[in-house]
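Take a look at the structure set out below.
Since the model is a prediction, treat every value here as computed from it, not as a measurement.
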Amino acid sequence: MLIALLLLTTPAVAQEQPIASERATFRVSVFASGLEHPWGATFLPDGSMLVTERPGRLRRITPDGRVSAPLAGVPQVEQGGQGGLLDIALAPDFERTRDVFLCQAAAAEGGALTRLVTARLSPGADGLTGLRRVLDAAPAQASGRLHFGCRIAFGRDGHLYLSTGERNERARAQRLGDLAGKVIRLTRDGRVPADNPFAGQAGARPEIWSYGHRNPQGLAVNPWTGSLWEAEFGPRGGDEINVIRRGANHGWPVVSHGREYWGPRISRETSAPGMEDPIHVWVPSVSPSGIAFYDGAAFPGWRGSLFVAALSTPGLVRLTTEGDRVTAEERLLWGGTRLRHVVVGPDGRVYLLTDEDQGKVLRLDPA
């Protein structure tokens, strides 16, 4: 597979000079700053952006890049390690209900877990009201603050999909009575759809849509096929892009392209009967976090791409897609700043969240 590298020559990502990639020429600018480890983002109908900060704050950024004070009514989070306030998504009927969904690390009896909550954004977009717990990815785990997963996407069916990490306890990913290491599917109001694959099966949680996941921090619906795509951290190598199938076992840790951090392979097998293969794998790792498909007008040459925010090596990966296949890869801004998430704005620009103590939202503009 063709991999093109576009290296960043300075530590600071923002550049005034045009950057020529394979299918577009762009500039990088700082859209907003002063954020502490921004993690999730979504655009409101008025063009402003809601951004979560991992330590437990939610902020609104105006279309001209001004950052608000922290919004009121945000849930208390279990902050530490990889935990905190993580993803955010608008309900499909937001313009009528003003409902938003948040994913977080939360303290619970027995330790910490991934939690999905919902609330209503105030008319002035300065706070949340009516906070309600939707789902806990139980059981809670006492050890570690790792691998919460925690991305949210709404499918064409109107249902909510939530990714959960296996909390660095590998066996949990294969247990159907456990909600860790899964992609979960719920109705808009938090119920279990009747056609979920394990609904009614003894010993299985009915919320599960797929299983065998390690730490999935990317989740997006392919706008051309309607399928759900997921990005997942491997250990040392073995990062994956998966197309999520109903009831599929995606293999972790039974099959893997990755290695233990001290050297040996996780598994002798990279594929096995009855387990779903990834459609794209990285060895060595890029540490993929948030993902977004591009179908905007600002960069016509990028239409059909999947963007992947990468943490290590830091940068932005652009995958060329055809249907539910990846056909090529280009690496942009490589070796610069750790990127936690990528979102496409209503203006067709690409917005990047940097994973830093003094985090920023960067914007890619046509040049």
Can you find a pair of side-chain heavy atoms, one from [X] and one from [Y], that are under 4.5 Å apart?
{"X": "Ile61", "Y": "Phe31", "answer": "yes"}
{"X": "Phe148", "Y": "Asn168", "answer": "no"}
{"X": "Leu116", "Y": "Asp136", "answer": "no"}
{"X": "Ile208", "Y": "Leu179", "answer": "yes"}
{"X": "Leu353", "Y": "Val51", "answer": "yes"}
{"X": "Val361", "Y": "Leu35", "answer": "yes"}
{"X": "Trp224", "Y": "Asp295", "answer": "yes"}
{"X": "Leu176", "Y": "Tyr211", "answer": "yes"}

Exercise. Which value, rounded to the nearest 0.5 Å, describes the distance between Leu135 atom CG and Thr114 atom OG1?
Worked result: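 If we round to the nearest 0.5 Å, Leu135:CG and Thr114:OG1 are 9.5 Å apart.
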Problem set entry | Separation of Glu207 CD from Leu162 CG (nearest 0.5 Å) |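 So the CG of Leu162 and the CD of Glu207 are separated by 10.5 Å.
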Between [X] and [Y], what is the shortest heavy-atom contact and its length?
{"X": "Ala272", "Y": "Val255", "value": "CB-CG1, 3.7 Å"}
{"X": "Val326", "Y": "Trp229", "value": "CG2-CZ3, 3.9 Å"}
{"X": "Val134", "Y": "Phe101", "value": "CG2-CE2, 4.2 Å"}
{"X": "Lys182", "Y": "Arg172", "value": "NZ-O, 2.8 Å"}
{"X": "Arg27", "Y": "Pro18", "value": "NH2-CG, 3.4 Å"}

Can you list every pair that meets disulfide bond (SG atoms under 2.5 Å apart) and has a residue in [range], with sequence neighbours left out?
{"range": "residues 132-205", "result": "Cys103-Cys150"}
{"range": "residues 261-367", "result": "none"}
{"range": "residues 287-367", "result": "none"}
{"range": "residues 18-51", "result": "none"}

Do [X] and [Y] have a side chain donor and acceptor closer than 3.5 Å?
{"X": "Glu240", "Y": "His250", "answer": "no"}
{"X": "Tyr161", "Y": "Arg185", "answer": "yes"}
{"X": "Arg59", "Y": "Ser68", "answer": "no"}

List, by chain and then residue number, the residues other than [X] in its hydrophobic cluster (Ile/Leu/Val/Met/Phe/Trp/Tyr, side-chain heavy atoms under 4.5 Å); write none if there are no others.
{"X": "Val283", "answer": "Val281"}
{"X": "Phe233", "answer": "Leu311"}
{"X": "Trp252", "answer": "Ile266"}

Problem set entry | Stepwise side chain to side chain donor-acceptor pair (under 3.5 Å) check, Arg318 with Thr320 | CA-CA 7 Å; Arg318 186 185 67 81; Thr320 303; 3.2 Å; yes
Check whether any side-chain N or O of [X] sits under 3.5 Å from a backbone N or O of [Y] as a donor-acceptor pair, and report yes or no.
{"X": "Ser163", "Y": "Val183", "answer": "no"}
{"X": "Arg54", "Y": "Gln82", "answer": "no"}
{"X": "Ser21", "Y": "Thr25", "answer": "no"}
{"X": "Gln141", "Y": "Ser143", "answer": "yes"}
{"X": "Arg338", "Y": "Ser312", "answer": "no"}
{"X": "Asn196", "Y": "Pro206", "answer": "yes"}
{"X": "Arg167", "Y": "Gly144", "answer": "yes"}
{"X": "Ser305", "Y": "Phe307", "answer": "no"}
{"X": "Asn249", "Y": "Gly251", "answer": "yes"}
{"X": "Thr225", "Y": "Ser227", "answer": "yes"}

Using side chain to side chain donor-acceptor pair (under 3.5 Å) as the criterion, list what pairs up with [X], not counting sequence neighbours.
{"X": "Ser271", "value": "Asp277"}
{"X": "Thr129", "value": "none"}
{"X": "Ser210", "value": "His213"}
{"X": "Glu322", "value": "Arg325"}

Exercise. Run the side chain to side chain donor-acceptor pair (under 3.5 Å) check on Arg60 and Ser48 step by step: do they pass?
Worked result: CA-CA 7 Å; Arg60 176 174 172 264; Ser48 61; 3.1 Å; yes
Regarding [X] and [Y], does a basic nitrogen lie under 4.0 Å from an acidic carboxylate oxygen?
{"X": "Arg145", "Y": "Glu78", "result": "yes"}
{"X": "Glu356", "Y": "Lys360", "result": "yes"}
{"X": "Asp178", "Y": "Arg205", "result": "no"}
{"X": "Arg170", "Y": "Glu260", "result": "yes"}
{"X": "Glu276", "Y": "Arg245", "result": "yes"}

List the atom pairs, with distances to 0.1 Å, where a side-chain N or O of residues 36-44 and a protein N or O form a donor-acceptor pair under 3.5 Å, not counting sequence neighbours.
from, atom 1, to, atom 2, distance (Å)
Glu36, OE1, Arg57, NH2, 2.6
His37, ND1, Asp355, OD1, 2.8
His37, NE2, Asp357, OD1, 2.7

Problem set entry | Enclosure of Arg246 CZ (heavy-atom neighbours >12, cutoff 6.0 Å) |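 Yes, the 6.0 Å shell around CZ holds more than 12 heavy atoms from other groups.
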Exercise. If two hydrophobic side chains count as joined below 4.5 Å and joins carry through other members, does Val77 share a cluster with Leu71?
Worked result: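 Yes.
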For this session: Determine the sole option in Val243, Ile241, Ile244 for which the side-chain contact (heavy atoms from CB on, under 4.5 Å) test with Glu230 is passed.
Result: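 One option only clears the test, and that one is Ile244.
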Exercise. Taking it one step at a time, do Ile88 and Leu58 satisfy side chain to side chain contact (heavy atoms under 4.5 Å, CB included)?
Worked result: CA-CA 9 Å; Ile88 184 168; Leu58 176 63; 3.7 Å; yes
